[in-house]
Visitor: 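Handing you a structure now.
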Amino acid sequence: MVARRKVAVVGVALSDCGRVDDATPYALHAQAARRALADAGLDRSLVDGFASAGLGTLAPVEVAEYLGLRPTWVDSTSVGGSTWEVMAAHAADAIAAGHARAVLLVYGSTARADVRAGRRTGTLSFGTRGPMQFEVPYGHTLIAKYAMAARRHMIEYGTTIEQLAEVAVQARANAALNPEAMFRTPVTVDEVLSGPVIADPFTKLHCCVRSDGGAAVLLVAEEYVRDCRTSPVWVLGSGESVSHAAMSAWPDFTVSPAAVSGRLAFERAGVRPAEIEVAEIYDAFTYMTLVTLEDLGFCGKGEGGAFVGKGRLRVEGGELPVNTDGGGLSAQHPGMRGLFLLVEAVRQLRGECGQRQVRRADGSPPRLAVASGTGGWFCSSGTVVLGVG
């Protein structure tokens, strides 16, 4: 039996993000990819694996062609926002098994610019066939599904709207430390609550921003680490899970598939949630952060409301800094944001985050981080545990 190789993330990058009116999604893919390769200090000729989703009819074939790549291992898994954590897990397995030596994950979107230019509307449609045919006629939009789940948690566990608002407040506090975040002005709980209602109980600031942007992550086999200009961040463990498509098939609105993907990732990494020092969690809505914290095991079921209080999620003084770049609620959210979680987790572990850098008691960067993505309306989850040293 061939020994499984260790796998490291050696290159991460973002394209231009936020308000990008003069670029195509393909250009953002290319910009992020070039920057990630430059970050690693490796030539693209080493890349024999490629993963992408969300662009083109034959993704990732079209994007690979645009980038001038001819991969012998590909992945186009598309499960919404968790796509990138799931792809990272698949890539790590492929590299460990010897099926690839270097896999590039790339994403790019002009979601904001397209709406402004009239190329698309602000409404995201998942179609009207299959399970959706029983929900679409009643106007049950994506945000309404999240809002319904949040309300169920409030009823079951006494979670308050003020506690959910704290998630937005602390995300903005972290974004204030990030010069690349779209929105950096601090907000208060009262300001979150007084905003226009989007879908009860969510007001505007309970919801993610709409931005343009792209990201890229390069994973390699351990023997190539010595050729890189960056310190390796090792993939310690991962897990993935799917739950439901129709809301009527969701057994419990207060439990996300992260309860499964997180357990698997931590078990495979040999790490306990209590050992994690930084958490990057998909946050299209405030409730996603709260319930994912519960399901990953950072607090008990129903205790998320109390857990997010007292500034626990802040970079400055927080017990568990979460979404240290400001997250989708404040930094950027160009669609399927899961790849951005991996980029920020790696940068934190490498100590490259400047003012928003999380530090241990001795001043050193953290050594363990988790990135957990969510897709659809809690339909899917991918969780990756990363470490240094």
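Below, all heavy atoms of this structure are taken into account, side chains as well, without hydrogens, waters or symmetry copies. All figures in this text were calculated on a predicted structure; none of them were measured in a lab.
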Visitor: Check whether Gln348 reaches the backbone of Pro365 with its side chain - one donor and one acceptor, N or O, closer than 3.5 Å.
Guide: no
Visitor: Can you tell me how far apart CZ (Phe340) and CD (Glu280) are? Round to the nearest 0.5 Å.
Guide: 13.0 Å
Visitor: Under 3.5 Å, is there a donor on one side chain and an acceptor on the other for Glu85 and Tyr282?
Guide: no
Visitor: Keeping Asp252 on the side-chain end and Thr254 on the backbone end, is there a donor-acceptor pair under 3.5 Å?
Guide: yes
Visitor: Between CG of Asn178 and CG of Asp325, what distance do you get to the nearest 0.5 Å?
Guide: 6.0 Å
Visitor: As an exercise, state the distance from OG1 of Thr203 to CD1 of Ile161, rounded to the nearest 0.5 Å.
Guide: 6.5 Å
Visitor: Taking Arg184 for the side chain and Ala181 for the main chain, is one N or O donor matched with an acceptor at less than 3.5 Å?
Guide: no
Visitor: Out of curiosity, His244 NE2 to Ser380 OG, how far, rounded to the nearest 0.5 Å?
Guide: 9.5 Å
Visitor: Verify, without hydrogens or angle tests, whether Thr83 (side chain) and Gly80 (backbone) share a donor-acceptor contact under 3.5 angstrom.
Guide: yes
Visitor: Would you say the side-chain atoms of Glu277 pair up with the backbone N or O of Leu320, donor to acceptor, closer than 3.5 Å?
Guide: no
Visitor: Can you establish whether the number of heavy atoms outside Glu180 located under 6.0 Å from its atom CD is more than 12?
Guide: no
Visitor: Between Arg35 (side chain only) and Val12 (backbone N and O only), is there a donor and an acceptor less than 3.5 Å apart?
Guide: no
Visitor: Are any side-chain N or O atoms of Glu275 and backbone N or O atoms of Arg272, one a donor and one an acceptor, separated by less than 3.5 Å?
Guide: yes
Visitor: Between Asp48 (side chain only) and Ala102 (backbone N and O only), is there a donor and an acceptor less than 3.5 Å apart?
Guide: yes
Visitor: Does Asp212 offer a backbone N or O that forms a donor-acceptor pair with the side chain of Asp16 under 3.5 Å?
Guide: no
Visitor: Could you state the interatomic distance from CG (Asp283) to SG (Cys207), rounded to the nearest 0.5 Å?
Guide: 11.0 Å
Visitor: Between OG1 of Thr292 and CZ of Phe378, what distance do you get to the nearest 0.5 Å?
Guide: 5.5 Å
Visitor: Starting from the C-alpha separation in whole Å, work towards a yes-or-no answer on side chain to side chain donor-acceptor pair (under 3.5 Å) for Ser330 and Arg172.
Guide: CA-CA 6 Å; Ser330 287; Arg172 184 63 63 86; 2.8 Å; yes
Visitor: Using the rule given for side chain to side chain donor-acceptor pair (under 3.5 Å), can you reason through Ser261 versus Ser241, listing the C-alpha separation, both sets of side-chain angles and the distance that settles it, and then say yes or no?
Guide: CA-CA 5 Å; Ser261 71; Ser241 177; over 6 Å; no
Visitor: State, to 0.1 Å, how close Cys17 and Gly213 come at their nearest heavy-atom pair, and which atoms those are.
Guide: SG-CA, 3.8 Å
Visitor: How far apart are the C-alpha atoms of Arg210 and Asp114, what are their side-chain angles, what is the distance that settles it, and do they pass the salt bridge (charged side-chain N to carboxylate O under 4.0 Å, His left out) test?
Guide: CA-CA 11 Å; Arg210 182 187 295 275; Asp114 289 348; over 6 Å; no
Visitor: Keeping Glu294 on the side-chain end and Glu303 on the backbone end, is there a donor-acceptor pair under 3.5 Å?
Guide: yes
Visitor: Do the ring centers of Tyr146 and Tyr287 come within less than 6.0 Å of each other?
Guide: no
